[in-house]
Every structure is written in C-alpha cells, then in structure tokens.
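Whatever order the structure lists them in is the order used to number ligands and atoms, beginning at 1.
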Amino acid sequence: IPHDEDTQRGDSVRCLTTLGHFGFECLPHQLVNQSIQQGFSFNILCVGETGIGKSTLIDTLFNTNLKDKKSSHFYSNVGLKIQTYELQESNVQLKLTVVKTVGYGDQINKEASYQPIVEYVDAQFEAYLQEELKIKRSFIDYHDSRIHVCLYFISPTGHSLKSIDLLTMKNIDNKVNIIPLIAKADTISKNDLQKFKCKIVSELVSNGIQIYQFPTDDETTAQVNSSMNGQLPFAVVGSMDEVKVGKRMVRGRQYPWGVLQVENENHCDFVKLRDMLLCINMEDLKEQTHTQHYERYRCCKLEKMGFTDVGPDNKPLSFQEIYEDKRQKFYDQCQREEEELKQKFMQRVKDKETTFKESEKELQEKFEHLKRVQQEETMKFEEKRRQLEEEIMDFYKLKAVSGTLQTLVCTNIKKE
Ligand code: GDP
C-alpha cells in the first residue's frame, strides 16, 4: 500500500514489488479455489422439432459424445428427456443437465406443445422454493435443477417463425433466458440467412418476445456482448465428424462441393454461441435465472400464499405479523364455519321437529277417526246383538206357546 510520503518522494525512490498476495486482495483467489472445489453446474433446455439437430449441437458444444438415441416422430404428446452428465475440462468439474424436448412439433394440434415445457421449468423453481422454505435447508448438497438457458432451435426455412415458435417463446420468455438459434444453418445460403435473421428479430419484437441479452454492464465484456446481441439469432451447425482440411483435421460437415467447418466463424456462428454461452456469460445466465426468473416465480407464489411485505397502510410487515394475522384470520374463519354449522344443525333439528309434530298430529287425527269409526261399529254391533237377543227371546216365547198348544191338542185328541 503506497504511503503519501513515499509517493511525494518522486521517481528517485526505489519501489518494492510484492512477491505474493496478502491481505484481503486474496479474496478472489479464495472464491476461485472454493468454486473449483465445489464444481459447477449448468442446466440447458433445448427446445426444437425432432431431428433439428439438438443432440448434435450439444455434443459439439461440449466436444463429447453424450450418447443419445435418435428420437421418434410418433409421440402423441410433447415430452422432455432429462440427462445429467459429469464433465471435466482440466481441473474444472461441470455437472451438466441437458433437457430436450421429445415429439415437439410432431402433433397435428400444436397449441399445447409449450405446456410441458412451462410445467417443467416451474417445477424446478417450485423444488428450489420448497428447499428455501424448509427449516433445515441443505443447499450444500442440493442439486439445483433450475433451467439456466433455453436454446430455442428455429427451423432453417428462410421464411419466418412458425406459430409454435412464437407461442412457446411467448409463454416461456419470463421464466427462462432464451437464446434463439437457427438450426442446420448450412442448409441456407448466406444471403437468405441474413434476411432470415432480420425477419426473426422483427417478428420477435412485434410479438413482444423477450430474448436473453448478453450483459453490457461489465466493461471487460461489454463490447463483445453488445456486438453479439446484434448478431442474434445465432446460425449454428453441429457435427462430431472430423473432416480433413488441408493438413488439419477439423469438426465439420463434408459436402460434394466442400467442407463446412463448424468452428470457422466465416462458416457459421457456432464459436460465437460457444463463447457467449460457456466462456463469457455462463455465470450471468445463472445469476439472471436466480435474480430475475426465479425471483418472479417466488414473488408470485408467496403473494398467492398471502404473504406480503407491506400492510394495507403501506407500513412494512414482519413475517411474524403476517403469520399472526393469517393465524387470526384462520381462527376467525374456523369460528365462522363452526357457527354456520351450528346454525345449520339447529335449523335442521327445528325442521325435523316440525315434520315430526305434523306427522304426530296426522297420526293422532287418524287414531281419533279410527276410534270414532270403531265406536260406531261397536254401537252397531250392540244394537244388532240386542235385536238378536230380543228375537231369541221371542222365539223361545213362541216355542213355549207352541209347546203348550201342542200339549192341549194332544190331550183333546186323547179325550175324544
Ligand atoms: P435432434 O432430434 O434434434 O436431437 O436431432 P439430432 O441431433 O439427432 O440430428 C438429426 C439429424 O440431423 C442427424 O442426422 C444429424 O447428423 C443431422 N444434423 C445435426 N445437426 C446438423 C446441422 O447443423 N446441419 C445438418 N445439415 N445436419 C445436421
């Protein structure tokens, strides 16, 4: 650290240069060492039609044959294939997760094609949020699966974006950093390619689709990043084939009329993509994912759950206050529901009582009626019995009279 006194003595003073680092100037080295020890992770989402060159481009980017089987065109829905690889370059370890669409663009109705992608991206945010909300969090061994970049593969039609492209990008642009790519750019002429790029950019702008912008706030990368922002979408070519060019072997695609060198900047934008994605902006992509996209998801989710930073009077609210408020509201709601249930129960009891009373009255009336009918019947029977008894009495009387008459007649006959 230079002293004022030392600097005032001028050039005649011999300055000592330090041999090593000491003090807090060593802080960056500590961070570098720590990061190297921990290793890095990076999650890429590749969205594009089947056979558009997603797997080949990822292999070319990481210079590794990640051994992926060819996808079929006959899926009834769009799906996602998730693969994680442990890669190493010198002493840097990278845990790379590649998520690729399967069956994208293969259905007749393409309206819902973006849904599985949105659901997957949200699910990774949700998993991270759940980890954050845990009491015992374990971020040290947590595999952060949030998508850091979406490489969107555009078909090299030379015309314009397809409606599936616009729909998908529109639905994911506030969830993930999109880098649009013109796939298989070797199938389109240089002139057409430039026009196609302009057309894509104007379509993205007119549809209000936000694509990732390489950051220009760091002066060491501002120039290259701003120049690259003007060259999006990158026109890429992928190939793992080694082709002979002069005396060198290069990655490229061999055609009857010549060789397309993947790593030649005059042939395609592959190197630009690799530099921007892996060498210069990987950390920014991760930071944007955390500070922009995840933050938006988290904020929305917590608001939906009823959390807020300020109260209705615009005064800051602590977590404790929100919790107490929610607990009180919940308690009040329980009370209200209990009261409602009680009321309903009482009403039902009353209704039942009235119905019972009505039935009882009806029964009583029926009983009274039957009783009356029975009494009348009994009276009728009594009357009939009395009449019968009278008839019997008359009969016996007649019988007695006829007996006496018979005896008299017999006596008279005998006398005669
Ligand atoms: P994916 O289904 O999107 O993963 O596509 P693949 O990476 O499996 O590629 C499908 C076919 O396209 C393969 O035969 C590749 O060799 C070929 N291919 C991949 N990239 C390119 C490219 O940039 N240009 C050309 N012409 N063909 C390519």
Side-chain angles (χ1 to χ4, degrees), residues 43-85 96-107 110 113-114 116-117 120 147 149-158 161-162 164-165 168-169 172 178-190 192-194 196-197 200 231-243 245 250-277:
N43 307 324
I44 305 180
L45 168 67
C46 298
V47 181
E49 292 164 20
T50 313
I52 204 167
K54 301 184 288 296
S55 312
T56 313
L57 188 81
I58 293 292
D59 282 359
T60 322
L61 271 175
F62 292 95
N63 199 18
T64 322
N65 200 340
L66 297 173
K67 292 191 185 70
D68 194 7
K69 278 186 276 162
K70 280 209 162 57
S71 289
S72 142
H73 280 276
F74 301 103
Y75 288 102
S76 53
N77 290 314
V78 174
L80 293 170
K81 195 193 259 180
I82 305 146
Q83 281 160 318
T84 299
Y85 310 93
L96 172 73
T97 299
V98 182
V99 181
K100 276 179 247 166
T101 52
V102 178
Y104 187 80
D106 289 335
Q107 294 78 37
K110 300 181 177 66
S113 300
Y114 68 87
I117 303 169
Y120 180 81
I147 295 295
V149 67
C150 164
L151 299 180
Y152 194 95
F153 291 71
I154 299 163
S155 288
T157 58
L161 287 169
K162 297 179 183 179
I164 187 176
D165 299 329
T168 301
M169 283 198 259
I172 60 170
I178 302 177
I179 298 184
L181 306 175
I182 298 172
K184 297 190 178 178
D186 52 326
T187 59
I188 189 167
S189 78
K190 235 176 179 176
D192 288 349
L193 189 64
Q194 213 40 50
F196 191 34
K197 274 193 181 190
I200 291 170
Q231 297 193 42
L232 284 169
F234 289 140
V236 292
V237 176
S239 174
M240 288 301 282
D241 296 344
E242 297 255 339
V243 188
V245 174
V250 293
R251 289 226 179 279
R253 299 190 83 88
Q254 176 97 56
Y255 293 106
W257 51 88
V259 171
L260 186 139
Q261 297 171 35
V262 168
E263 287 167 288
N264 186 330
E265 287 200 51
N266 292 321
H267 292 193
C268 73
D269 297 334
F270 173 80
V271 172
K272 290 178 185 135
L273 171 69
R274 191 177 58 193
D275 286 352
M276 288 292 104
L277 186 69

N or O contact, Thr187 vs ligand 1, cut-off under 3.5 Å
no
Determine the minimum heavy-atom distance between Asp186 and Arg253, stating which atoms define it.
OD2-CD, 3.5 Å
Examine ligand 1 and decide if any of its atoms is less than 4.0 Å from a heavy atom belonging to Tyr104.
no
Taking every non-hydrogen atom, the tightest pair across Asn63 and Met240:
C-CE, 4.1 Å
To atom 8 (O) of ligand 1, the nearest of Ser55, Gly238, Cys46, Cys268 on a heavy-atom basis is Ser55
Using a 4.0 Å cutoff against the non-hydrogen atoms of Tyr255, which atoms of ligand 1 qualify?
26 (N)
Counting distance only, does the side-chain N/O of Arg251 pair as donor-acceptor with the main-chain N or O of Glu242 below 3.5 Å?
no
Salt-bridge present (Asp192, Lys197; N to O < 4.0 Å)
no
Assess Lys100 for proximity to ligand 1: is some non-hydrogen atom of it under 4.0 Å away?
no
In ligand 1, which numbered atoms sit nearer than 4.0 Å to a non-hydrogen atom of Glu49?
3 (O)
Is Ala185 in polar range of ligand 1, meaning some N or O pair under 3.5 Å apart?
no
Take every heavy atom of Gly51, measure it against each atom of ligand 1, and state whether any distance is under 4.0 Å.
yes
Using a heavy-atom cut-off of under 4.0 Å, does the side chain or the backbone of Asp186 touch ligand 1, or both, or neither?
side chain
Looking at CE of Met169 and CG of Leu161, how far apart are the two atoms once the value is rounded to the nearest 0.5 Å?
5.0 Å
Does the distance from a Lys or Arg side-chain N to an Asp or Glu carboxylate O, for Glu49 and Lys54, drop under 4.0 Å?
no
For Ser239, run the side-chain contact (heavy atoms from CB on, under 4.5 Å) check against Val262, Val250, Asp59 and tell me which one passes.
Val262
Which ligand 1 atoms does Val237 reach within 4.0 Å, using its non-hydrogen atoms?
23 (O)
